[in-house]
Student: 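Before I ask anything, here is the structure I am working with.
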Number of protein chains: 2
Amino acid sequence: MADIMRCAGEILRAHNDRDGIVAEIAGRLGIVEGTIYRYFPTKRDLIIQVAEDWYEAMLADYDRELAGITGTAARLRFMIWRHLTVMHDEPAMCRLVLDELRADAGYRKTSIYELNRQYTRRTLAIVKDGIASGELRADVPLTMIRDMIYGGIEHHTWAYLRGEGDFSPTQAAEEIVAIIYRGIAVPTDTPERAGALTRLEDVATRLERIAQNQIPER
Amino acid sequence: MADIMRCAGEILRAHNDRDGIVAEIAGRLGIVEGTIYRYFPTKRDLIIQVAEDWYEAMLADYDRELAGITGTAARLRFMIWRHLTVMHDEPAMCRLVLDELRADAGYRKTSIYELNRQYTRRTLAIVKDGIASGELRADVPLTMIRDMIYGGIEHHTWAYLRGEGDFSPTQAAEEIVAIIYRGIAVPTDTPERAGALTRLEDVATRLERIAQNQIPER
DNA sequence: AGCATTTAATGAGCTGAGCTCATTTATACG
DNA sequence: CGTATAAATGAGCTCAGCTCATTAAATGCT
């Protein structure tokens, strides 16, 4: 049974075509297809089980590593970098999880949904902490931040898997953090700050006139 | 033949399970499965053809509507809103296209790849124009912007399709544009601006002293 | 140790979807 | 009207997922 799952994992990693894997597993293990169905009611259940186990182990490592990192930006950067790295190194497993997450809503929800909620909840927590500490604005739409981060990571990875060159998780993480933090617009003043500046400039102008009139400062 | 494709489109829209659609089409049209294979070498080719036609028509409308909009932010907002709306209204067709885009690199590239490149090239062009006009910073990583916009849109839509509430394309587009433009960090001054402010504040302080000493301004 | 009972494994074979092809039916043309 | 070309048919093949009656192995009990 553990053999079956290990073997399934190997095959799923090797060719991302999921057809015929039951026969393939049986062949490799020297057992018969029917035996596999003693342990897994259906091929889909076997695949989901493999995906779940992998996802769970991945999250455990994640938490351990994340625990040592402090600061909103550093923690965000780490999570993004980690996700990019995992997708870069384990695209087949990621695809399993993502396919399951995107399956029809009618299907019985697997525990992958729950694992995923736990996962993204960590990201939301980091952003919330950032808001609480005053580093991030209070009005940011939390779930959209999450969607853009993970969506961006995945899009970036698909392009890579499509064969459009390689990518560096470190650099990509840096780019994502930069965009999320600063945006892309040329910085302009907020109305308040702009107003303050204008008032200060008025003052400066008056002072200039004072100077030109040779009026002593004190 | 046109009947087959129209019928295939209807079925693909109705149930997002793609198994048995050949028999389904034949049944609905009162023909036999073999007839379908006179026009399409394989089921996959039929599906791709349907997806391509839909994608092409969608892009044509897109261009027509986009032509009437000026300004970097407005054009970006429109493209994002449009993509959100399409995914909201036609998730099944979008899934076909996306699945094809994410298929194995070994497969012969369909024209969907090319259509998609055209599509995202429009977005890149808008960002480039924004840089040229001075509205956007020159150092933004173009493809990552694209990945985050479209990835964010898709993630947002998957959550909706998973049954996690509805969403408003207009509001979602606004949120995405806001994040992309401003980022989420609390605004801080650039070194130059901070320096200028400091100098101005020094001036203001001196002026204050002048006023306190009752020295006439002129 | 020897028998009974429960559990595991087998392999033949069913199902259903994609697909093929020899044959039949319809259409076009001189 | 007859022939040539194109279109449609339906029987049936393949292959993957899956079932189940039967056989083999393991476990428990006296």
Student: Looking at residues at least two apart in the chain, or sitting in another chain, which of them share a side chain to side chain contact (heavy atoms under 4.5 Å, CB included) with B:Ala74?
Tutor: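 Once residues adjacent in sequence are excluded, the partners of B:Ala74 under the side chain to side chain contact (heavy atoms under 4.5 Å, CB included) criterion are B:Ile69.
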
Student: Under 4.0 Å: is that the gap between some side-chain N or O of B:Tyr39 and OP1 or OP2 of D:dA8?
Tutor: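 Result: yes.
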
Student: Give every residue pair that meets the salt bridge (Lys or Arg N to Asp or Glu O under 4.0 Å) criterion with at least one member in residues 19-36 of chain B, sequence neighbours excluded.
Tutor: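 Every salt bridge (Lys or Arg N to Asp or Glu O under 4.0 Å) pair that includes a residue of residues 19-36 of chain B, provided the two are not neighbours, is B:Glu10-B:Arg28, B:Glu24-B:Arg28.
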
Student: Using the salt bridge (Lys or Arg N to Asp or Glu O under 4.0 Å) criterion, which residues pair with B:Glu164? Sequence neighbours excluded.
Tutor: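 Checked B:Glu164 against salt bridge (Lys or Arg N to Asp or Glu O under 4.0 Å); matches are B:Arg162.
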
Student: In whole Å, what is the span from the CZ atom of A:Phe40 to the P atom of D:dC18?
Tutor: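 One finds 13 Å between P of D:dC18 and CZ of A:Phe40, rounded.
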
Student: Tell me, please, which residues at least two apart from B:Cys94 pass side chain to side chain contact (heavy atoms under 4.5 Å, CB included).
Tutor: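 If we apply the side chain to side chain contact (heavy atoms under 4.5 Å, CB included) test to B:Cys94, skipping adjacent residues, the hits are B:Trp54, B:Val86, B:Met87.
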
Student: Residues two or more places apart in sequence or in another chain: which of them pass side chain to side chain contact (heavy atoms under 4.5 Å, CB included) with B:Asp129?
Tutor: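 Side chain to side chain contact (heavy atoms under 4.5 Å, CB included) list for B:Asp129, sorted by chain: empty.
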
Student: What orientation do B:His88 and B:Tyr160 show, parallel under 30°, tilted 30 to 60°, or perpendicular over 60°?
Tutor: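 Taking B:Tyr160 first and then B:His88, their aromatic rings lie parallel (interplane angle under 30°).
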
Student: Show me, pair by pair, the donor-acceptor contacts under 3.5 angstrom made by side chains of residues 140-152 of chain A, not counting sequence neighbours?
Tutor:
{"residue": "A:Asp147", "atom": "OD2", "partner": "B:His156", "partner atom": "ND1", "Å": "2.7"}
{"residue": "A:Tyr150", "atom": "OH", "partner": "A:Thr123", "partner atom": "OG1", "Å": "2.4"}

Student: Side chain of A:Lys43 only, please: which of D:dG17, C:dA8, C:dT20 is the nearest?
Tutor: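 Selected nucleotide: D:dG17.
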
Student: Could you write out each protein N or O paired with an N or O of nucleotides 9-11 of chain D at a distance under 3.5 Å?
Tutor:
{"residue": "D:dT9", "atom": "OP2", "partner": "B:Val32", "partner atom": "N", "Å": "3.3"}
{"residue": "D:dT9", "atom": "OP2", "partner": "B:Thr35", "partner atom": "OG1", "Å": "2.9"}

Student: Extract from the structure each pairing of a protein N or O with an N or O of nucleotides 24-28 of chain D at less than 3.5 Å, listing the distance.
Tutor:
none

Student: Taking only residues two or more places apart in sequence, or in another chain, which ones meet B:Asp61 in a salt bridge (Lys or Arg N to Asp or Glu O under 4.0 Å)?
Tutor: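 With neighbours one apart ignored, the set is B:Arg64.
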
Student: Between B:Tyr37 (OH) and C:dA17 (P), how many Å, whole number?
Tutor: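 Rounded to whole Å, this separation is 11 Å.
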
